[in-house]
Amino acid sequence: MSNIPAPDRELLTSNHWGTYRVHVKDGHVTHLEDFEEDKDPSPIGHGIVDVLEDETRIKAPMVRKSWLEGGPGARGDLRGDDPFVEVTWEEANALVAEELNRVIQAHGNNAIYAGSYGWASAGRFHHAQSQLKRFLNCIGGYTSSKNTYSFAAAEVVVPHILGTFRGHLDTTTSWETIATDCELFVAFGGVPLKNGQISQGGTGAHVQKAGLFAAHDAGVKFVNISPLRADIDDKVNADWMAIRPGTDVALILALCQTLLSEELHDADFLNRYTHGFETFAAYLEGTADGIVKSPDWASKICDVPADAIRALALEMGASRTMISVAWALTRQDHGEQPFWAAIALASMLGQIGLLGTGLAFGYSAMNNTGLNRHQIDWASVPQGENPVKDFIPVARVTDLLENPGGAFDYDGTQYTYPDIKIIWWAGGNPFHHHQDLNRMRKAWAKPDTIIANEWCWNALARHADIVLPCTTPLERRDIAMSPKDPYVIAMDPAIAPVGQARDDHEIFRGIASMMGVDDAFTDGRTPDDWLRWLWSTSRQRAASEQIALPDWETLQRDGWVRLPDPDAPTIMLQAFRDDPQANPLETPSGKIEIFSDTIASFGYEDCPGHPTWFEPVEWLGGAQPSQLHLISNQPKNKLHSQMDHGSVSRADRPKGVERLLMNPEDAQERDLVEGQIVCLKNARGACVAELRLSENIRRGVIQMATGAWYKPAGTRCENGNPNVLTLDKGTSKLAQGPIAHSCLVEVVADRGPLST
């Protein structure tokens, strides 16, 4: 616990769902109160209260019995089934230090994989992955991962087209200009307000609903292109184009071809601001393959009327149009193509860089998308330099474990998978994010040792060898300050650590001391010293942007501060449009690369040099009549799998399993009824769900949120985790991203585990 005195005010905390006032009685958190600044608070954060001290809490260091008795590598096949033995912190630290030394001496630091992918907590100092990676860099480094499960394909392909991806993601055109300057808002994947409840690093006030509704009230017309009507709020009365999943690229190409054939494309913009349009235009007209990418062609693929496609293209060409592409579009086979095609479409309209129009990567994907704010480079915990150069694309974990020494392609280069002996995870949960969990679980048995910093008994903790119990944000002092949000929150320690839990910094400091790198890890600072350093450095950086922030004592006294709004609205690519010579993109041509000579030079058959339609794996080429297309999207009642065991998540699934949405006609064909427990299955596994029926999902498609804690019974998940069903394959050789949304399943009445 920090030695800074408790503030003489109501306690505050912040997390990815919002900011809350914390109420404590007799040393226990009784409830959270929504932050007064937030006019659209999320209920999700409240779900932590009832699980802070319940039976799911890990209250002492634990070691898997077979590993403790047999040593590293003993009965890895029992991970997830073996009981755990409580040990002291001194014993746990010694076991970890000894194992790290053994592996480094025998195999080298690249035998340590610290992917540790996930959202961790909102605090700037107590950020689990930063602490883990700083510690490992103090002892020689580790094999790392690149990109995210959210949009890996975009992270690799968009920099080839626009010079950067995250740079444009963080400068999304603000909602305010949508209301004042947009006429037509075309949303591929909708504007799902449930996703906009969260932001990395902390949230002060939610803006997505207000932005969407203000645009509607101003007369903006919305088009929702999605298999799910609910991907945009009913209030905006959007036109619903119920597209077949995985076919957005075909639709976008047909829109492009219509603009071209009707001469509605902006030739001046294309000539001045883009590279390679002629090659793309030839593809649209079928010069090489003999297939004109017309609305009639796309209609057969997308199952959308050709006249509707043609009419939308004409309306887009005649309107001030904003195109929004959801992150989910990247999480499908050939997920590089939707964003590339959308950039080409926006370029043909010629409205990129103008107020309220152009292109955006996923409004309401997070609360910060379209949030007008200053971009401050807040200080963070320095991680040091990793001497190990080995890495994997983030979604290739199972391939890494199955194929040590095997080759993989990524972004124009071929690499080799290292031979991993230790996995260390802090701040995430691979048994949520990854696809084909049953396959991953088998590969998970291979490493000698798996270490997890965790606070509750989720699937990651149960499949580890050494579990180091960590604190929650309510048990430590920190600062929530994110460049994605204008609020800075002084996060207070509301209660003492539960049981023997320690914060991540203290956990790593204990191990660092045993390995002789204590001074290197702490830099001679206490946690309170680090917090003051972070704030002092951040104040200086803000001052360089002419933003004055209070001193440390004033921040602690007041509890929060809000940065002023920027003087001008944020417009994506405005500077480039205003002067492309003075502000070129970081691409070979300095322009938008509709055709990329670089990507073409890689020679990838699954990702050529321009936006291209590919038939999705498992779907158009080989679907059986009984199969349905599974969309496993983000949940509305949690972030990924965080607090799936909490009250908010549990309240949304009274029968104990996730809910499955299905069209009534599909249910009737299968003799299924509302409220029934059903089994989803394919060759990879099975899971159960409670059936819900609605006409707001197109026929042939089912929807089931991710996030249920993986509870295997054979190859079946009893809690309803859809990632036992999803295919573990890379998007293409370019990005190797996940393709969770390219998934076919059968749905039948549940008859118990033996039926699968």
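- Salt bridge annotation for D181-R320: absent, with no cationic side-chain nitrogen under 4.0 angstrom from a carboxylate oxygen.
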Checklist entry - Could you walk me through whether R166 and E155 pass the salt bridge (Lys or Arg N to Asp or Glu O under 4.0 Å) check? => result CA-CA 7 Å; R166 288 188 175 271; E155 287 179 280; 3.3 Å; yes
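- To the nearest 0.5 angstrom, L349 atom CG is 5.0 Å from I323 atom CD1.
- The residues R692 and E674 are annotated as salt-bridged, a charged nitrogen and a carboxylate oxygen being separated by less than 4.0 angstrom.
- With respect to R229 and D234, no salt bridge is recorded, no charged nitrogen being found less than 4.0 Å from a carboxylate O.
- Counting only distance, with no hydrogens or angles, the side chain of T203 and the backbone of W17 share no donor-acceptor pair below 3.5 Å.
- Between A179 and A218, the shortest heavy-atom contact is O-CB, 3.2 Å.
- The main-chain N or O of I343 is found under 3.5 Å from a side-chain atom of S347 such that the two form a donor-acceptor pair.
- In this structure, the side chain of Q676 engages the main chain of V673 through a donor-acceptor pair within 3.5 Å.
- Without hydrogens or angle criteria, S145 side chain to V394 main chain gives no donor-acceptor distance under 3.5 Å.
- Ring pair H610/Y283: centre-to-centre distance below 6.0 Å.
- Here Q197 contributes atom CD and K636 contributes atom NZ; the two are 9.5 Å apart, rounded to the nearest 0.5 Å.
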Next on the checklist: Set out, in order, the CA-CA distance, both residues' side-chain angles and the distance that settles side-chain hydrogen bond (donor to acceptor under 3.5 Å, both in side chains) for S641 and N429, then state yes or no.
Outcome noted: CA-CA 8 Å; S641 66; N429 181 1; 3.3 Å; yes
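- The residues R396 and D728 are annotated as salt-bridged, a charged nitrogen and a carboxylate oxygen being separated by less than 4.0 angstrom.
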Item to check | Evaluation steps, side-chain contact (heavy atoms from CB on, under 4.5 Å), between Q703 and L228 | outcome: CA-CA 8 Å; Q703 176 268 326; L228 303 171; 4.0 Å; yes
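- With Y149 as reference, H434 is the one residue of H432, H434, H640 to meet the side-chain hydrogen bond (donor to acceptor under 3.5 Å, both in side chains) rule.
- Closest approach of G356 to T173, counting heavy atoms only: N-CG2, 3.8 Å.
- A donor-acceptor distance shorter than 3.5 angstrom exists from the side chain of N15 to the backbone of G18, with no hydrogens or angles considered.
- Note: Y20 and H46 meet the aromatic proximity criterion, with ring centroids under 6.0 Å apart.
- A salt bridge links R698 and D303; the closest N-O separation between the charged side-chain nitrogens and carboxylate oxygens is under 4.0 Å.
- Put simply, the side chain of W240 gets close to the backbone of S226: a donor and an acceptor are under 3.5 Å apart.
- Here the CG atom belonging to N637 is positioned 10.0 Å from the NZ atom belonging to K194, to the nearest 0.5 angstrom.
- Under the 3.5 Å distance criterion, the side-chain polar atoms of T731 are matched with a main-chain donor or acceptor of G737.
- Atoms CG and CG, from N682 and L727 in turn, are 9.0 Å apart once rounded to the nearest 0.5 Å.
- Looking only at distances, no side-chain donor or acceptor of Q208 sits under 3.5 Å from a matching main-chain atom of P192.
- A donor-acceptor pair shorter than 3.5 Å can be found between the side chains of D38 and H206.
- Between the D485 side chain and the G204 main chain, a donor and an acceptor come within less than 3.5 Å of each other.
- Between K221 and E183, none of the side-chain N atoms (NZ, or NE/NH1/NH2) sits under 4.0 Å from a carboxylate O, so this pair counts as no salt bridge.
- Annotation: the span from W297 atom CH2 to I291 atom CD1 amounts to 7.5 Å, rounded to 0.5 Å.
- Between F151 and W327, the angle of the ring planes goes over 60°, which puts this pair in the perpendicular group of the 30/60° scheme.
- Ion pairing between a basic and an acidic side chain is recognised when a charged N comes within 4.0 Å of a carboxylate O; K484 and D170 show such pairing.
- The distance between the ring centers of W175 and Y363 falls below 6.0 angstrom.
- The shortest distance between side-chain heavy atoms of T172 and T570 does not fall below 4.5 Å.
- Between K681 and D750, no side-chain nitrogen of the basic residue sits less than 4.0 Å from a carboxylate oxygen of the acidic one, so the salt-bridge criterion is not met.
- Considering CD1 of I631 and CG of L661, their distance stands at 9.5 Å, rounded to 0.5 Å.
- Between N368 and R373, the shortest heavy-atom distance links the atoms O-NH1, 3.1 Å.
- Looking at R699 and E665, a side-chain N of the basic residue comes within less than 4.0 Å of a carboxylate O on the acidic one, giving a salt bridge.
- Checked by atom type and distance alone, the side chain of S632 never pairs as donor or acceptor with a backbone atom of M704 at under 3.5 Å.
- Ring-centre distance between F165 and F361: below the 6.0 Å cut-off.
- Ion pair K711/E658 not flagged as a salt bridge, since none of the NZ, NE, NH1 or NH2 atoms sits closer than 4.0 Å to an Asp/Glu carboxylate oxygen.
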